[in-house]
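See structure below.
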Amino acid sequence: MANTKSALKRVQVAERNRLRNKTYKSAVKTLMKNYLAAVQTHAANPTPESLQEVQRRMSEAYSKIDKAVKRGVLHTNNGARKKSNLAKALKRTQPQPEASTPASSDASAS
């Protein structure tokens, strides 16, 4: 138990912050999970409606991650990494365009 009034107040503040952090982290995890489920659904049956749903869920997740970073719940790089992973999950399901071979204009310039 805290010995001084200031130490007691710090315990109370730490508990308040812990609960706030917990709600943000939980919300971020939930929104990420919902987004990844929407991406899988879209990958199984790609339709414009499912893509729109994926975009909406991505927007929600990005917004919550940004708010958590702004409030200091998540570190800046942690938030950026989470957003990057979300974007990569969608990109993996998209068909990759064929890589075109570079034109041999360098050889003709010589």
Side-chain angles (χ1 to χ4, degrees):
M1 189 63 196
N3 291 329
T4 63
K5 285 175 83 173
S6 61
L8 181 62
K9 184 172 180 184
R10 292 309 307 161
V11 168
Q12 292 170 344
V13 169
E15 179 64 14
R16 182 189 70 212
N17 292 344
R18 184 186 70 82
L19 292 174
R20 186 192 64 204
N21 293 349
K22 183 178 172 186
T23 58
Y24 268 94
K25 285 182 180 184
S26 175
V28 166
K29 287 178 192 175
T30 301
L31 290 171
M32 287 179 69
K33 188 164 62 168
N34 291 344
Y35 167 78
L36 294 173
V39 167
Q40 283 187 338
T41 303
H42 174 68
N45 184 17
T47 63
E49 293 82 19
S50 67
L51 182 60
Q52 194 174 32
E53 178 68 13
V54 166
Q55 295 295 339
R56 186 180 67 78
R57 299 233 175 166
M58 177 187 261
S59 176
E60 290 173 354
Y62 273 26
S63 177
K64 188 57 91 169
I65 290 169
D66 288 338
K67 286 178 185 175
V69 168
K70 183 173 82 173
R71 285 167 171 61
V73 175
L74 296 177
H75 189 274
T76 308
N77 292 351
N78 190 322
R81 186 173 65 246
K82 287 182 187 305
K83 288 165 60 173
S84 173
N85 286 337
L86 292 178
K88 276 194 266 188
L90 179 60
K91 191 169 180 124
R92 278 191 294 257
T93 64
Q94 304 286 329
Q96 297 298 323
E98 293 296 322
S100 62
T101 58
S104 59
S105 60
D106 294 336
S108 63
S110 301

Within a 6.0 Å radius of atom [atom1] on [X], are there more than 12 heavy atoms belonging to other residues, nucleotides or ligands?
{"X": "Lys83", "atom1": "NZ", "answer": "yes"}
{"X": "Gln40", "atom1": "CD", "answer": "no"}
{"X": "Arg56", "atom1": "CZ", "answer": "yes"}

Rounded to the nearest 0.5 Å, what separates atom [atom1] in [X] from atom [atom2] in [Y]?
{"X": "Lys64", "Y": "Ser59", "atom1": "NZ", "atom2": "OG", "value": "12.5 Å"}
{"X": "Glu53", "Y": "Tyr35", "atom1": "CD", "atom2": "OH", "value": "11.5 Å"}
{"X": "Thr47", "Y": "Gln52", "atom1": "OG1", "atom2": "CD", "value": "9.5 Å"}
{"X": "Asn21", "Y": "Arg16", "atom1": "CG", "atom2": "CZ", "value": "10.5 Å"}
{"X": "Arg57", "Y": "Leu36", "atom1": "CZ", "atom2": "CG", "value": "11.0 Å"}
{"X": "Ile65", "Y": "Arg81", "atom1": "CD1", "atom2": "CZ", "value": "10.5 Å"}

Decide whether [X] and [Y] are clustered together by the hydrophobic rule: side chain heavy atoms of Ile, Leu, Val, Met, Phe, Trp, Tyr closer than 4.5 Å, transitively.
{"X": "Leu51", "Y": "Tyr62", "answer": "no"}
{"X": "Leu90", "Y": "Leu31", "answer": "no"}
{"X": "Leu86", "Y": "Val39", "answer": "yes"}

Closest heavy-atom contact between [X] and [Y]?
{"X": "Ser50", "Y": "Asn45", "value": "OG-O, 3.5 Å"}
{"X": "Ala87", "Y": "Met58", "value": "CA-CE, 4.0 Å"}
{"X": "Ala7", "Y": "Asn3", "value": "CB-N, 4.5 Å"}

Side-chain donor/acceptor of [X] to backbone N/O of [Y], under 3.5 Å:
{"X": "Ser84", "Y": "Ala80", "value": "no"}
{"X": "Thr41", "Y": "Ala37", "value": "yes"}
{"X": "Thr23", "Y": "Arg20", "value": "yes"}

Mind checking whether [X] and [Y] have side chains closer than 4.5 Å, heavy atoms only?
{"X": "Glu60", "Y": "Asn34", "answer": "no"}
{"X": "Val13", "Y": "Arg10", "answer": "yes"}
{"X": "His42", "Y": "Gln94", "answer": "yes"}

